[in-house]
Amino acid sequence: MKLLDGKRLSGELKDEIKIKVDTYLSQGHRAPKLCAILVGENPASQSYIRNKVRSCDRVGFASEVIQRSVDVTQAELLSLIDQLNKDETVDGFIVQLPVPDHIDDQELLLAIDPAKDVDGFHPYNFGSMAQGMDAFLPATPYGILLMLERAGIATSGKNVVVIGRSNIVGTPISILLSRKSDMGNATVTLAHSRTKDLKEICQRADILISALGKPFFITHDMVKEGVVIIDVGINRIDDLTKKSGSRLVGDVDFEKVSTKASYITPVPGGVGPMTVAALMMNTLKSYQKKLGLKDE
Ligand code: GUN
């Protein structure tokens with residue numbers, strides 16, 4: 001079994017981004033800038049944002065977190081998005097999800113200028129991605145593709161099973177892996193809560209991608225020998241042996257499944273850091289486009 005070490009791989013990608021940014025700075029260009037809108041005090045969102053800011057620092061990007069209280073109005077957020085759309089010094093920005101129930105997140109996503117939508121959530125980018133046109137790929141699927149590519153795991157002709165059909169992970173990764181492209185050409189099955197015979201479907205998978213958010217859902221008996229496991233789940237479970245009283249686990253019973261897998265991502269330290277690296281890649285791409293710079 002080989003560990004797909006997202007922490008290490010994302011570090012390599014960030015080093016490569018930093019070298020490019022340093023070159024642009026030495027040529028007299030400004031630094032790329034990423035902004036994030038954070039609403040409320042969701043601890044998981046706060047932690048994700050901290051990681052994104054830390055990564056910006058590491059690669060030489062400017063960053064800004066715009067925080068609003070949980071009772072912010074839809075109109076205030078739309079006005080903020082409008083300002084960021086117009087701000088020439090901002091290359092990309094994200095609205096950290098989830099937002100409170102009284103906020104219509106779809107309306108927010110539609111208001112983001114697709115040219116600054118470095119999360120790749122706007123339907124313009126999603127549609128361009130689906131048609132194989134140039135687009136910002138959504139960060140988690142893009143991170144998974146980069147991880148498979150860097151690990152030398154071919155996807156062409158493979159049976160891929162994706163569990164979970166969200167707009168930000170399951171659906172786009174299914175589209176990307178089935179496209180006629182270098183990291184595509186797989187035969188993809190998209191499984192979800194109404195899927196029948198899930199165990200038999202999973203047993204046929206050469207690559208199994210779980211993005212449903214249920215701890216220990218993927219068990220040893222559901223996978224075949226040599227499977228590649230990509231665990232997108234991030235679930236907090238009670239663990240009284242820890243000082244905090246809890247720990248993070250994925251969707252996969254790592255200990256037992258890893259004995260059969262050829263490759264497997266850990267949680268934490270697998271897909272999560274790759275998502276952040278992919279966001280940095282998208283921000284760099286937006287910056288290069290805006291300033292008319294070549295990829296050094
Ligand atoms: N919430 C969970 N994942 C993500 C992500 O990739 N981007 C944003 N904006 N919010 C998220």
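Order of appearance sets the numbers: ligands from 1, and atoms from 1 within every ligand. Predicted model only: the values in this text are computed from it and were never measured. Every heavy atom of this structure was used, including side-chain atoms; hydrogens, water molecules and symmetry mates were not.
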Taking the six-membered ring for Trp, are Y287 and F61 ring centroids under 6.0 Å apart?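 No: the rings miss the under 6.0 Å criterion.
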Donor-acceptor contact present, side-chain S79 to main-chain A75, <3.5 Å: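 Not at all, since once roles are kept as given, no pair shorter than 3.5 Å links the two residues.
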Note: R247-D239 ion pair, threshold 4.0 Å (strictly below):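 A salt bridge is present here (some side-chain N lies under 4.0 Å from a carboxylate O).
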Residues R8 and E12 bridged, charged N to O under 4.0 Å: yes
Crowded around D101 CG? As in, over 12 foreign heavy atoms under 6.0 Å? no
Distance-only donor-acceptor check, side chains K20 and Q288, under 3.5 Å: no
Please tabulate protein-ligand N/O pairs under 3.5 Å for ligand 1, atom names and distances to 0.1 Å.
residue, atom, partner, partner atom, Å
ligand 1, 1 (N), Q96, NE2, 3.4
ligand 1, 1 (N), L97, O, 2.9
ligand 1, 7 (N), D119, OD1, 3.3
ligand 1, 7 (N), D119, OD2, 3.1
ligand 1, 9 (N), V95, O, 2.8
ligand 1, 9 (N), D119, OD2, 2.6
ligand 1, 10 (N), Q96, NE2, 3.4
ligand 1, 10 (N), L97, N, 3.0

